[in-house]
Each structure stands twice: as C-alpha cells, then as structure tokens.
Number of protein chains: 2
Amino acid sequence: MARKPRQRRAKATVDAIVEAGFITMAERGPAATTTRQIADIAGVGVGSIYEYFENKEEIFSVMSDRFIADTIAMIQPLIPELVRKPIKDAVLELLARFRDFLQAGDERYLKCARHAMTLGFEQHVEPLQKTLSELVTQYLMHHPETLQIRNIPTMSYIMINGGIYSVIRHLCDPAPPISFDELAEGLANMVSHYTERELALVRE
Amino acid sequence: MARKPRQRRAKATVDAIVEAGFITMAERGPAATTTRQIADIAGVGVGSIYEYFENKEEIFSVMSDRFIADTIAMIQPLIPELVRKPIKDAVLELLARFRDFLQAGDERYLKCARHAMTLGFEQHVEPLQKTLSELVTQYLMHHPETLQIRNIPTMSYIMINGGIYSVIRHLCDPAPPISFDELAEGLANMVSHYTERELALVRE
DNA sequence: ATGATTTTCCGACTTGAATCCGAACAAGCG
DNA sequence: CGCTTGTTCGGATTCAAGTCGGAAAATCAT
C-alpha cells in the first residue's frame, strides 16, 4: 500500500475500493475488472486508488489477504472442538464449515474463489497452511498414539496442500465429476485410512 | 488461432512464436513478456503474431496445451510398465519420470511451470487428468483385488488432483519445507496406505 | 474561531503495450 | 511470366494503467 489512510474517511475509501474489487470480480470476472470499473463502483476517482494501492495487482493482493484472513478467522475457533473428534469427523466438519463459509453473503467468496488461481493467489495461502499445520499439531497432541506416525511433516504437507487444491479445483470446475460431499467424504477417508494403516504398520 | 498456416514457412513462424513464448517466459517471467519481446526473439514482426493468434493469451494457451501434450506423450508409453509394478513403486516411478521430464532441455518446462498457475493453466489440465484416470483404470484391471475398493472415482479424483497440485505447488515454492523425493515418497505412501487399509476393511 | 498544515480526493493527461491494417513481398500455378 | 493467394511487416490506432498538481476537507495550533 502506497500510503496509509489516517482519517476515517480515507479508511472508508480503501474499504470501498476493496469491496468494489470483490463486487466486480464476482460479477464480471478478472478480465473485465479495470481500475475505472472499480473506481466507479467504489464511487471514487481513479486517482484515489493509487493513493492507497501501488497498482491494480495490489488490490487483488489485499483481497486475497482478506479472504485468507477471514478463512483463518473462521477456522481458528473451531480448533478446540475439532481436535476432540475422531479424525474423519474432524475433516468432515472442517470441510462442511468451509463450504458454508464460501456460500455465505450471496456466495461472494465462492464466486471470487473461482478466479483465484488466475491471479497470484497461491502466494497468499501460506498463513492458511500455517493455521492448518497448527491444527494438525494440536490434533496430534490430543491423540498421542498418532505421534507414532512416520514422516508427519511430509504427510501434513501433502494432505494440507492436496486438500486445499482439491477443494479449490472442485469449486472452479463448472461440471465436477463428483459432488462436494463426495469430495469431503473422500478426503476424510484419505486422512483416516492413512493414519490407521500407518499405525497398524508401526504396531507390527 | 485466427488463421491456419498453410505453407511450411508459415508453420515455422507459428513454431518460432510459441518457442519464443517459452524462452521469454522462462527468462523474464510472464510480467515482462510483451508481444514485442516475443516477436523480437522469434525474429518476426509483431503483426505476424496476430495472423495466427487471436491475442497474447492464446500464445500462453497454446504453450500450455503443448506442455500438457508433451507430458502425456511422456506418460503414455510408461503405462504398460507401471501397471505391472506394486502401487507404491508405480507412483514413485511416475513422479521420478515427471521430475526428469521437467528438468530436461535446460529446465525450460520447470521454469515455465513456476508461472503456470498465474496464467489460466488449470483449464488445460483436463487431458492430463484423463490420461492419469486411464492409468488408474488400467492399474485396477491388472490388480483385480483392488476393484473391491469403494468410491474409486472419488478417490481417483482426489489423488490425481491432489497429486498434480502438490507437485506443482512444490515446484513453485522457492523454499519448500520438504524435498521433492520426500514429497514423492509421501504421495506414494498415501496411495498405497489408502488402498491397503481399504482392502483390509472390505475383507473384514 | 481562524489561519496554517496535513490528509484526501479527483479527473484530465501521459505512457506504453496490445491489437489492427494495408502496403510490400514471396509462393504456387497456368 | 502475369495472376492469385498466402505471408510478413511495422507504423497507426486503441485502450487501460498509472501520474500529477491543484482543490476541498479534516485536523491542528494558537
């Protein structure tokens, strides 16, 4: 951000711009999203955009950050509850909540997520990955027997990344070959089967 | 593509443009890739680009198609060999080959893959997914006991998508927390553990 | 309160890349 | 060789991103 908004009026302007970003992105897609479009919808002059954003990219960047931050804010409070559940139920619950989260507010986030990959969205995922890593760590602590699993960092990496992208991919697919519920069920089975098999192996 | 090249000279021009696309993309990244850059490197006039491509996007589009096609061409002949191996070895072999493939030819594809997500790359992945589905199908045929696994389409979807994106994500990550070999080992374990656990369950 | 100072806002203007176009050039063909 | 058709070129045109300088609003100092 080029300059920080100091007055309340300015903060409102910045908000309006980001908000307008979400609106145009959801309505027109990223191609038709010009600075003028955004300025018009935000009800500000083009110049104002450049008071607070280095360039158009940065608007998308801030939008991505906000989306990820909101997602994390949604997940964080669930952690204490999730770590007490059986692993399969925990995954299912997490995914169900995420689905609801995307559909809230006239599906704004869902519509934007469809174009997420087109923009440099992946660079903002890291905090989410960290949060999910945290969730995994806490889960392991609450289920000491699972600590015997080998290569926990690697498997955590794979499941988190594979999970995130399977879901995003599914959301982006206009005609997915499986339903979201099937996807969720599959991911949950994936994780639980893996841990069960691994624990069976180390017990031998 | 706006017009089809009829003479050999024209085909060479089209090739030169796509080739130049790969070169600039690998060297400068997508931001610095302008039509003039491409035209200069290809040794043609800017105008020539628009004889065969609707717009700059389409160059990237054709590049993606070619990359996917080459990947498939690399995988197809491996299938008969892969379906005979134990599942873990098959996954490891496939990933090792893919790694070598990316590193071939001065790492051209690897360098481009880094920027792949930025462009509308995902829309071109489908044929690759189809090929991998084919591989899965053939594998199942060669190992009839695995046909007892439930939800094969779902799990196939998850493993293929999760696998593709875990790998791409890993390639794009400048400082990945795990090595490629660890990733490969993890994915292989993921698949094999799942099938083993699932077979154990249905036997009960 | 009121003038000084800082912050914010704006939209015509500049810039530079994408795209178009028509003249010039090469190839195939009788 | 003339003629047609395919091909190439690079300057002209278009269009959106990003700039700038001054006006208006908010805040501050006295």
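A, B, ... follow the sequence lines: proteins, then strands. Residue 1 opens every chain. Computation of the quantities below employed the complete heavy-atom set of this structure, encompassing side-chain atoms and omitting hydrogens, waters and symmetry-equivalent molecules.
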**Complete:** From CG of Asp40(B) across to P of dC9(D) the rounded distance in Å is 11 Å

**Fill in**
Winner on side-chain proximity to Arg6(A), out of dA16(D), dT8(C), dC13(C), is dT8(C)

**Message:** Without decimals, in angstroms, what is the distance between Ile49(A) CD1 and dG11(C) P?
**Reply:** 12 Å

**Asked** Starting at the 5' end of DNA chain D, which residue's closest nucleotide do you reach first, Gly47(A) or Thr33(A)?
**Response** Thr33(A)

**Request:** For Gln129(B) and Asn161(B), test the side chains for any donor-to-acceptor distance below 3.5 angstrom and give the result as yes or no.
**Result:** yes

**Message:** Expressed as a whole number of angstroms, how long is the span from Tyr50(A):OH to dT14(C):P?
**Reply:** 17 Å

**Prompt:** Just wondering, do Thr131(A) and Pro127(A) contact through their side chains at under 4.5 Å, heavy atoms?
**Reply:** no

**Prompt:** Of the candidate nucleotides dT19(D), dT8(C), dC10(C), which contains the atom at the shortest distance from the side chain of Pro5(A)?
**Reply:** dT8(C)

**Item:** Distance in angstrom units between Arg36(A) CZ and dC15(D) P, rounded
**Value:** 13 Å

**Request:** Give a yes or no on whether Arg3(A) atom CZ has more than 12 heavy-atom contacts from other residues, nucleotides or ligands under 6.0 Å away.
**Result:** yes

**Fill in**
In numerical order, the residues of residues 51-67 of chain A whose heavy atoms come under 4.0 Å of DNA chain C are Glu51(A), Tyr52(A)

**Asked** Is any side-chain heavy atom of Arg99(B) less than 4.5 Å from a side-chain heavy atom of Phe180(B)?
**Response** yes

**Message:** Please confirm whether the shortest side-chain N or O distance from Thr35(A) to OP1 or OP2 of dA17(D) is below 4.0 Å.
**Reply:** yes

**Message:** Would you say the rings of Phe101(A) and Tyr109(A) are close, in the sense that their centroids are separated by under 6.0 Å?
**Reply:** yes

**Prompt:** Going by the angle between their ring planes, with limits at 30° and 60°, are Phe121(B) and Phe67(B) parallel, tilted or perpendicular?
**Reply:** tilted

**Request:** Treat a base pair as Watson-Crick or G-U wobble with both distances under 3.5 Å, then lay out DNA chain D in dot-bracket form, 5' to 3', with | for cross-strand pairs.
**Result:** ||||||||||||||||||||||||||||||

**Prompt:** Looking for any heavy atom pair under 4.0 Å, which part of the strands does Ser48(B) touch: base, sugar-phosphate only, or nothing?
**Reply:** base

**Request:** Find out whether Lys111(B) and Met25(B) are in side-chain contact, i.e. whether some heavy atom of one side chain is under 4.5 Å from a heavy atom of the other.
**Result:** no

**Request:** Using a 4.5 Å cut-off on heavy atoms from C-beta on, say whether the side chain of Glu58(A) contacts that of Tyr52(A).
**Result:** no

**Message:** Under 3.5 Å, is there a donor on one side chain and an acceptor on the other for Gln103(A) and Arg108(A)?
**Reply:** no

**Asked** Looking at Arg150(A) and Glu198(A), does any basic side-chain N land under 4.0 Å from a carboxylate oxygen?
**Response** yes

**Check: Gln37(A) side chain, Thr33(A) main-chain N or O, donor-acceptor pair, under 3.5 Å** = no

**Request:** Mind listing the residues from residues 8-28 of chain A sitting with a heavy atom below 4.0 Å of DNA chain C? Number order is fine.
**Result:** Arg9(A), Ala10(A), Thr13(A)

**Asked** Given atom CD of Gln7(A) and atom C1' of dT7(C), what is their separation to the nearest angstrom?
**Response** 5 Å

